[in-house]
Amino acid sequence: MTHFGDFLRKSVLMLTGLAVLIVLPLYSYKVYTKTDYSDFDIYYRSAKRVQAGNWDQVYNLKDDGASPYRYGPPTLLFFRPFAELPLRESRLLWFYLQFTFFGVGFFFLYRALRKLGQPHSDALTIVCFSWLYVLRLCLDSFMIGQISCLVFLGFAWSLDAYLRRQPWRAGAVLFVPTIFKIGPGFIYFLFAAARRPFLKRAWLSAFLCFLLSLLTLSFFVGSFSLSLNLWKKWYGVMAQDSLYFNAAHYGSQSLKSFLLRLANSGWITPSTAESLTLFFALSGCIGILLLWSLRTPKDYRTRGVFFALGILAFLFFMPETFKYNQTALTLSVAILLTGPIAALEWATLIFGALTISLAGLDIVGESLFFWLQKNSFPFLAFCFFALTFVRQALKNSYPSKFAKLIQLPGRPLGPWPHPPRQDASVDISVLIPIPFGQNTL
């Protein structure tokens, strides 16, 4: 068994090294020669408008149609330097940055696994296996030019800081995916369930990052009023997302997309789908918040499990969850591999591999690919992950101080009106024999 384990470890490391050697030059060429649509074109177009000082044209539903810029105004400053290069060179530079951000994210994931008690060789193997698990999703992200690398980096870095009890860093780096996607900010409530000093520092660091981004944006825009107008236009774009995006699209695997596809198939009405989306989203988020509040992790690994539940909430409850966002599932896979793997864990990993990792259009063919997507099998895989992590979180935690404070008194266990004091000492005990016979009541 040891020889097989060594062989498996070496195989994973070799496959990872080989994949890196192939992906970097191959996708450099594919990205540079790409001529059709990519999401990076939207970022580049917005950067050009900022370069020309046309701030009022950045969020423009009328001209941009189905592809408006959707991220918060401070993110414009991140993409602004790309406008100094031609489109093809900028796209290639963005690919190299994506590759780098993913690499740094996996480095912090490795650090987090080491904090969970994994030896160097095991931690490295788990990181490599996790990357291979989502490799197809990373490649798709490279081609479309998505910002998934920044979301993944923020999650991995924040997880590492959270496990090492570094609240300033945990709150600051989680701000990066939050300013892009909003949903990752849900994990700030996990910090609220930690000790009070951690809560204050993590939330304060996020607030300071937000304040700094506001001041920097106002400086570049030229006035606070124009900056405020950008925020208003951004909110308008987000509020009207149904005008330019159909959440029932087969590629989206969120809760809302799953229910809307049921409505399109005639199983439920569209109004019922909207109501159920709101109900399950609120119920799921409240359930996770209650778990974080009422249970305390027994060890570092369970802290990682609690963090992974926040990531799964992001994937479940955001309006759309395309394959580019699913790269965040890497952290859940890695944490799952650090503990004992029972039947449910094996089923989760295998089903996820068959429906997410290997179910690419170029791998399984059009018929099977669209059948899996339209029948929401990747979403079902998320459900397996959620069930697995909720089970592990409950199994490896104990009631928190808050749970003990709100615990209701139980029924007395005897004829006395109040249960005996737990700290009462017993100085003497007496055994009284009671005869049992025909006349004994």
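All values below were derived from every heavy atom in this structure, side-chain atoms included, with hydrogens, water molecules and symmetry-related copies excluded.
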What is the minimum heavy-atom distance between [X] and [Y], and which atoms define it?
X: Ala359; Y: Leu354; value: CB-O, 3.4 Å
X: Phe175; Y: Ser213; value: CZ-OG, 4.0 Å
X: Phe79; Y: Ala47; value: O-CB, 3.3 Å
X: Ile311; Y: Ala328; value: CG2-O, 3.7 Å
X: Lys395; Y: Lys298; value: O-NZ, 3.9 Å
X: Pro177; Y: Gly154; value: CD-CA, 3.8 Å

field: Working for side chain to side chain contact (heavy atoms under 4.5 Å, CB included), residues Asp140 and Ile144
entry: CA-CA 6 Å; Asp140 291 336; Ile144 203 67; over 6 Å; no
Kindly check if the number of other-residue, nucleotide or ligand heavy atoms within 6.0 Å of [atom1] ([X]) is above 12?
X: Phe207; atom1: CZ; result: no
X: Tyr37; atom1: OH; result: yes
X: Trp157; atom1: CH2; result: no
X: Glu84; atom1: CD; result: yes
X: Tyr96; atom1: OH; result: yes

message: If the threshold is 4.0 Å, N to carboxylate O, is there a salt bridge linking Arg45 and Asp41?
response: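 Answer for the salt bridge query: no.
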Working to the nearest 0.5 angstrom, can you tell me the gap between [X] [atom1] and [Y] [atom2]?
X: Asn60; Y: Asn54; atom1: CG; atom2: CG; result: 10.5 Å
X: Cys149; Y: Ile147; atom1: SG; atom2: CD1; result: 7.5 Å
X: Leu163; Y: Phe108; atom1: CG; atom2: CZ; result: 13.0 Å
X: Leu97; Y: Leu92; atom1: CG; atom2: CG; result: 10.0 Å
X: Leu291; Y: Ile286; atom1: CG; atom2: CD1; result: 13.5 Å
X: Leu315; Y: Leu255; atom1: CG; atom2: CG; result: 12.5 Å

Are the side chain of [X] and the backbone of [Y] linked by a donor-acceptor contact shorter than 3.5 Å?
X: Trp231; Y: Pro73; answer: no
X: Gln253; Y: Gln373; answer: yes
X: Arg169; Y: Ala161; answer: no
X: Tyr324; Y: Gly145; answer: no
X: Thr75; Y: Gly72; answer: yes
X: Ser218; Y: Phe224; answer: no
X: Glu345; Y: Pro340; answer: no
X: Thr178; Y: Gly185; answer: yes
X: Arg164; Y: Leu159; answer: no
X: Tyr59; Y: Tyr71; answer: yes

task: May I have the step-by-step check of side chain to side chain contact (heavy atoms under 4.5 Å, CB included) for Val176 and Leu153, ending in yes or no?
output: CA-CA 9 Å; Val176 175; Leu153 172 58; over 6 Å; no
Once you measure the plane-to-plane angle for [X] and [Y], does it fall in the parallel (<30°), tilted (30-60°) or perpendicular (>60°) bin?
X: Phe351; Y: Phe377; answer: tilted
X: Phe101; Y: Phe78; answer: tilted
X: Phe385; Y: Tyr133; answer: perpendicular
X: Phe40; Y: Tyr43; answer: perpendicular

Donor + acceptor pair across side chains of [X], [Y] (<3.5 Å):
X: Gln146; Y: Gln98; result: no
X: Asn396; Y: Tyr398; result: no
X: Asp122; Y: Thr125; result: no

Is there side-chain contact between [X] and [Y], with at least one heavy-atom pair below 4.5 Å?
X: Asn325; Y: Val151; value: no
X: Ile288; Y: Phe186; value: yes
X: Thr330; Y: Val127; value: no
X: Arg295; Y: Phe306; value: yes
X: Trp55; Y: Leu226; value: no
X: Glu320; Y: Lys256; value: no
X: Tyr27; Y: Cys138; value: no
X: Trp267; Y: Leu259; value: no

field: Row check, Tyr235 ring normal vs Lys232 NZ/CZ: under 6.0 Å, within 45°
entry: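 Output no; distance or angle outside limits.
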- prompt: On the ring face of Tyr162, is Arg303 found with NZ or CZ under 6.0 Å from the centre and within 45° of the axis?
  reply: yes
Test of ring centre spacing under 6.0 Å for Phe280 and Phe317: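 Centroid separation for Phe280 and Phe317: 6.0 Å or greater.
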- prompt: Are the aromatic ring centres of Tyr29 and Tyr32 under 6.0 angstrom apart?
  reply: no
task: Would you check, one step at a time, whether the test side chain to side chain contact (heavy atoms under 4.5 Å, CB included) holds for Phe142 with Lys30?
output: CA-CA 10 Å; Phe142 291 150; Lys30 294 181 70 172; over 6 Å; no
message: Under the ring-ring contact (aromatic ring centres under 6.0 Å, His included) test against Tyr250, which residue among Phe379, Trp371, Phe370 passes?
response: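 Checked Phe379, Trp371, Phe370 against Tyr250; only one passes ring-ring contact (aromatic ring centres under 6.0 Å, His included): Phe370.
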query: So Phe382 and Ser332, side chain to side chain contact (heavy atoms under 4.5 Å, CB included) or not? Walk me through it.
result: CA-CA 10 Å; Phe382 296 158; Ser332 301; over 6 Å; no
